[in-house]
Amino acid sequence: MTSGLQAKAVVITAGPTYEDLDPVRFLGNRSSGRMGFAVAQAATDAGARVILVAGPCQQDCPQVSERIDVRSALQMREQVMRHIEGCDIFIGCAAVADYRPAETSDKKIKKDGGDLMLRLVQNPDILAEVAALPKRPFTVGFAAETNDIETHALRKLRHKKLDMIAANQVGEGRGFDCCDNALLLLYPDGRKQPLPTQAKCSLAGRLVDEIAAEYQRIHNPH
Ligand code: PMT
């Protein structure tokens with residue numbers, strides 16, 4: 001355990017978002033919250049004051065200064081933006097839905113014998129919005145990819161103007177809803193650092209060490 005984030009204010013998102021179709025149905029994804037919760041615990045262990053904004057998940061709560069539970073991407077964005085001022089580091093580990101239903105019915109949608117067409121509208125990109133703030137925190141994204149991990153993650157790093165991205169392979173029992181994971185860390189200057197497969201809690205510790213070192217390198221270069 002390091003004390004590399006002593007007294008730093010860190011906001012972390014974790015888990016999935018659920019986008020409601022009606023009172024009983026939603027669009028969601030397979031994120032369990034394990035990875036984000038492990039990162040939150042590791043940041044606390046490194047001395048940070050952590051605010052965790054969590055989508056719906058069943059994991060044991062890590063030790064954090066504050067946990068805020070949300071359901072949808074819009075709610076997650078609202079809580080992140082409410083708490084981001086004065087934050088030193090933002091880590092976006094949540095699997096935020098890119099789209100939500102254009103309409104949410106307040107009554108259960110009935111089967112009427114034919115096919116049902118759903119219109120989806122784009123959600124705001126929380127990570128890109130944080131990175132675009134005039135007084136932005138050190139901003140770390142995740143990239144969940146089924147293929148061409150490095151190419152896609154690099155594109156996200158550059159497009160969203162991040163300080164670091166942690167890419168992971170997902171699908172076929174990897175990444176989502178399992179106990180271990182591997183990450184490829186990418187930096188804007190072209191450096192890369194693989195973190196091999198291990199339990200999400202120890203992987204989170206390694207990631208937090210790398211974030212602390214990079215934060216230090218940028219803010220106190222001598
Ligand atoms: O929760 P687990 O079961 O432990 O699984 C962990 C994980 C696989 C969910 C995690 O390691 C991970 O990869 N999290 C990011 C998942 C994701 O949504 O990746 P993405 O490539 O679609 O998004 C890229 C980045 O933009 C992410 O930091 C995401 O939080 C952010 N984003 C995406 C869309 C959006 N509307 N707003 C965002 O902030």
Side-chain angles (χ1 to χ4, degrees), residues 11-19 27-42 52-62 70-81 83-84 89-100 120-133 136-186 195 197-204 206-208 211:
V11 174
I12 300 174
T13 64
T17 64
Y18 286 177
E19 311 298 326
L27 302 176
N29 63 66
R30 296 174 196 275
S31 172
S32 63
R34 280 194 187 90
M35 191 72 235
F37 277 34
V39 174
Q41 183 65 57
L52 174 64
V53 184
C57 40
Q58 312 299 326
Q59 306 304 318
D60 289 341
C61 188
V70 298
R71 182 169 175 86
S72 66
L74 290 180
Q75 290 170 359
M76 185 171 276
R77 175 201 190 206
E78 187 188 339
Q79 292 302 327
V80 166
M81 290 307 163
H83 292 88
I84 205 70
I89 298 171
F90 174 74
I91 307 171
C93 190
V96 185
D98 287 321
Y99 295 92
R100 67 179 184 278
L120 304 179
V121 294
Q122 227 178 324
N123 272 325
D125 191 309
I126 302 167
L127 182 64
E129 277 191 28
V130 168
L133 289 170
R136 60 181 258 166
F138 182 87
T139 306
V140 182
F142 269 69
E145 309 295 344
T146 54
N147 57 286
D148 303 313
I149 300 181
E150 192 170 332
T151 309
H152 291 309
L154 209 48
R155 195 170 299 143
K156 286 175 185 169
L157 174 80
R158 296 205 170 121
H159 181 67
K160 302 190 190 193
K161 300 188 170 59
L162 308 176
D163 295 300
M164 184 195 280
I165 197 158
N168 48 191
Q169 169 104 41
V170 296
E172 292 176 359
R174 299 178 71 174
F176 284 97
D177 199 15
C178 51
C179 292
D180 50 35
N181 197 13
L183 294 172
L184 175 64
L185 307 186
L186 301 173
L195 302 180
T197 303
Q198 56 202 289
K200 282 180 178 172
C201 54
S202 76
L203 184 64
R206 293 284 315 275
L207 172 64
V208 164
I211 291 172

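Atoms within a ligand are numbered from 1 in the order they appear, just like the ligands themselves.
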Atoms of ligand 1 close to [X] [distance to a heavy atom under 4.0 angstrom, numbered from 1]:
X      : value
Ile126 : 37 (N), 38 (C), 39 (O)
Gly92  : 27 (C), 28 (O), 30 (O)
Asp98  : 34 (C), 36 (N)
Lys200 : 2 (P), 3 (O), 4 (O), 5 (O)
Ala94  : 15 (C), 16 (C), 17 (C), 18 (O), 29 (C), 30 (O)
Ala95  : 16 (C), 17 (C), 18 (O)
Gly141 : 28 (O)

Whether [X] lies under 4.0 Å from ligand 1, heavy atom:
X      : value
Gly33  : yes
Ala143 : yes
Gln122 : no

Identify the protein heavy atom lying closest to [atom], giving its residue, its atom name and the separation to 0.1 Å.
atom                    : answer
atom 6 (C) of ligand 1  : Met35 CB, 3.5 Å
atom 14 (N) of ligand 1 : Cys93 O, 2.9 Å
atom 39 (O) of ligand 1 : Leu127 N, 2.9 Å
atom 12 (C) of ligand 1 : Phe142 CD2, 3.7 Å
atom 20 (P) of ligand 1 : Lys156 NZ, 3.7 Å
atom 2 (P) of ligand 1  : Ser32 OG, 3.3 Å

(request) Report the distance from atom CD of Gln58 to atom CZ of Arg34, rounding to the nearest 0.5 Å. (result)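 Gln58 atom CD to Arg34 atom CZ measures 11.0 Å (nearest 0.5 Å).
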(request) Check each of Ile12, Leu133, Val80 against Phe90 using the side-chain contact (heavy atoms from CB on, under 4.5 Å) test, and report the only one that passes. (result)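 Output: one option passes, namely Val80.
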Side-chain donor or acceptor of [X] paired with backbone N/O of [Y] under 3.5 Å:
X      : Y      : answer
Asp163 : Val140 : no
Thr13  : Cys93  : yes
Gln122 : Tyr99  : no
Arg71  : Tyr18  : no
Asn168 : Leu184 : no
Lys200 : Gly36  : no
Asn181 : Met35  : no
His83  : Gln79  : yes

Which option out of [options] puts a heavy atom nearest to [atom]?
atom                    : options                       : answer
atom 19 (O) of ligand 1 : Cys178, Ala144, Gly175, Ser31 : Ala144
atom 3 (O) of ligand 1  : Asp125, Thr17, Asp177, Asn168 : Asp177
atom 33 (C) of ligand 1 : Gln169, Arg34, Lys160         : Lys160

(message) Quick test of your reading of the model: are Glu145 and Lys156 salt-bridged, counting only N-O distances below 4.0 Å?
(response)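 Looking at Glu145 and Lys156, the cut-off is met.
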(request) Would you mind reporting whether Pro62 and Leu52 have side-chain heavy atoms less than 4.5 Å apart? (result)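 Yes, their side chains come closer than 4.5 Å.
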(request) Using a 4.0 Å heavy-atom cut-off, say whether Pro124 meets ligand 1 through its side chain, its backbone, both or neither. (result)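 The answer is the backbone.
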(message) Looking at Asn147, I want to see if its CG is surrounded by more than 12 non-hydrogen atoms of other residues, nucleotides or ligands under 6.0 Å.
(response)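 Atom CG in Asn147 is crowded, with more than 12 foreign heavy atoms closer than 6.0 Å.
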(message) Asn123 versus ligand 1: do any nitrogen or oxygen atoms come within less than 3.5 Å of each other?
(response)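 So ligand 1 has no N or O lying under 3.5 Å from an N or O of Asn123.
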